[in-house]
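Count residues from 1 along the sequence. Computed over heavy atoms, backbone and side chain alike; hydrogens, waters and symmetry mates excluded.
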Amino acid sequence: MAANGVVSDKSLIVSFGEMLIDFVPTVSGVSLAEAPGFLKAPGGAPANVAIAVARLGGKASFVGKLGDDEFGHMLADILKQNSVSGDGILFDQGARTALAFVTLRADGEREFMFYRNPSADMLLKPEELNVDLIRSSKVFHYGSISLIVEPCRSAHLKAMEVAKGAGALLSYDPNLRLPLWPSADEARKQILSIWDKADIVKVSDVELEFLTGSNKVDDETAMKLWRPNFTLLLVTLGEKGSRYYTKNFRGAVDAFHVNTVDTTGAGDSFVGALLCKIVENPTILEDEAKLREVLKFANACGAITTTKKGAIPALPTVADALALINGA
């Protein structure tokens, strides 16, 4: 028990940022205007990661602000039902829970239209943070959407500082959503403004090209994003698997081929699986053979998540992932 009365739990993964409702068309391959109807699907990358961790048997907590409205309370309940601790959740009386309308193109990729003006997640203040919870984390995970506007940006920076000061590993998945930023240049600048602080960074192939200005997805381009203090840099390549870079080794791990319906949450599932395994055994970061096994497991989790609509219902259990690995 720590002096502040919070149990110091060195297996806890705390995920910081936004949780929202995605409205997904009932029919794939149509524009928002053409969609005959929409299904509501809970989303938000940091919340997806927290649920991914819990579904794999890990310990997860979510830190963020929701609207004090029916959707906000529904999202808090979904976290609870999925065994994610809600000790870091706050409700805002004055703002609504964020909404996003998402179109699924025929290839399973997505386009977004957001309703956040401002939404509750943007109004989290530094002084509202549950710092004891953040201090008790083994891994502190975050994205970049929480950097877009104040006061949430200051809350994000403070939370990182508190986690780092308490010895947590910092995990960063920028999760680029260009329509939310004032401009592409501002997005690039702000996403990179906290780049050097992380221990583990995961980017997609599209984010790699965006952040480096390159049109090549190769080792040379990836190394432009490497920093001396990083423990692990990952580039996810969709159906081509993932690439990994550490101080001492680098390589690639193949993807699993599945029938892709919806790519939503695949990256979050991948990250959740990786973080779970790092918490179980931090030495994997120094052992290439072990890291490759873990990335194979993370790739399997990401692949399974693409086989159903919506992120949260599609997040796998350990048994699901092992079945895919052993059946492949």
Side-chain angles (χ1 to χ4, degrees), residues 9-20 43-65 79 82-89 121 124 129-131 133-147 152-153 155-177 191 194-204 207 229-234 236 242 244 265-280 282 284-285 294-295 297-298 301-302 305 311-312 315:
D9 183 344
K10 281 304 163 192
S11 64
L12 180 66
I13 295 166
V14 170
S15 205
F16 174 91
E18 70 286 348
M19 188 175 194
L20 58 140
N48 291 343
V49 169
I51 294 173
V53 165
R55 194 150 306 163
L56 292 168
K59 250 191 122 165
S61 195
F62 174 75
V63 173
K65 206 172 204 190
L79 288 170
N82 284 282
S83 309
V84 174
S85 145
D87 294 344
I89 298 173
D121 58 287
L124 179 63
L129 289 168
N130 183 337
V131 288
L133 175 68
I134 294 165
R135 273 193 200 107
S136 69
S137 62
K138 171 85 174 183
V139 174
F140 183 70
H141 175 75
Y142 48 89
S144 70
I145 289 172
S146 38
L147 293 173
C152 188
R153 179 183 162 79
H156 181 140
L157 297 176
K158 181 183 174 184
M160 280 172 57
E161 198 183 302
V162 167
K164 192 83 169 171
L169 270 177
L170 265 50
S171 161
Y172 185 20
D173 175 357
N175 199 45
L176 177 67
R177 294 285 177 268
I191 286 170
I194 59 166
W195 204 253
D196 302 8
K197 302 266 200 299
D199 298 294
I200 298 163
V201 170
K202 173 247 158 196
V203 290
S204 68
E207 289 160 349
N229 57 296
F230 282 7
T231 312
L232 177 63
L233 171 66
L234 293 157
T236 55
S242 52
Y244 57 89
D268 305 326
S269 182
F270 175 91
V271 169
L274 172 75
L275 297 181
C276 265
K277 293 292 186 186
I278 289 171
V279 162
E280 275 173 29
I284 64 159
L285 295 166
V294 164
L295 292 175
F297 178 76
C301 289
T305 309
I312 292 168
L315 295 168

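For the pair His156/Ile194, a side-chain contact is recorded, criterion being any heavy-atom separation below 4.5 Å from C-beta on. Counting heavy atoms from C-beta outward, Ile278 and Lys138 have side chains that stay 4.5 Å or more apart. Considering only heavy atoms from C-beta on, Val49 stays 4.5 Å or farther from Asp173 through its side chain. With contacts defined as side-chain heavy-atom distances shorter than 4.5 Å, the pair Leu274/Tyr244 does not qualify. Contact of the Phe270 side chain with the Leu295 side chain is registered, since non-hydrogen atoms from C-beta on lie closer than 4.5 Å. The closest side-chain heavy-atom distance from Thr305 to Asn48 is not below 4.5 Å. Residues Tyr142 and Leu170 have side chains in contact (heavy-atom distance under 4.5 Å, counting atoms from C-beta outward). Side-chain atoms of Lys197 and Lys164, non-hydrogen and from C-beta on, never get closer than 4.5 Å to each other.
Between Phe140 and Phe16, the angle of the ring planes lies from 30° to 60°, which puts this pair in the tilted group. Taking the six-membered ring for Trp and thresholds of 30 and 60 degrees, Phe230 and Trp195 have ring planes inclined between 30 and 60 degrees apart.
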Task: Step-by-step side-chain contact (heavy atoms from CB on, under 4.5 Å) determination, Asn82 to Arg55 - done: CA-CA 7 Å; Asn82 284 282; Arg55 194 150 306 163; 2.7 Å; yes

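Minimum heavy-atom separation, Tyr172 to Ala198: CB-CB, 3.9 Å. For the pair Ala155 and Leu129, the tightest heavy-atom approach, listed with the atom from each and the gap, is O-CD1, 3.4 Å. Of all the heavy atoms in Gly272 and Ala52, the pair that sits closest is CA-CB, 4.2 Å. Of all the heavy atoms in Glu207 and Pro174, the pair that sits closest is OE2-C, 4.3 Å. Listed here is the closest heavy atom pair of Ser171 and His141: OG-ND1, 2.7 Å. Scanning all heavy atoms of the two residues, the minimum distance from Cys301 to Ser269 falls at O-OG, 3.0 Å.
Here Leu12 contributes atom CG and Ile134 contributes atom CD1; the two are 10.5 Å apart, rounded to the nearest 0.5 Å. Leu157 contributes atom CG, which lies 9.0 Å from atom OG of Ser146 (distance to the nearest 0.5 angstrom). Here CG of Leu147 is found 8.0 Å from SG of Cys152. Values are rounded to the nearest 0.5 Å. Within the model, atoms CZ of Arg135 and CG of Leu133 stand 11.0 Å from one another, a figure rounded to the nearest 0.5 Å. Note that OG1 of Thr231 is 4.5 Å distant from CG of Asp199, once rounded to the nearest 0.5 Å. Taking OG of Ser61 as the start and CD1 of Ile13 as the end, the distance is 11.0 Å to the nearest 0.5 Å.
More than 12 heavy atoms of other shown residues, nucleotides or ligands fall within 6.0 angstrom of atom NZ in Lys158.
Side chain of Asp121 to backbone of Met19: no donor-acceptor contact under 3.5 angstrom is found.
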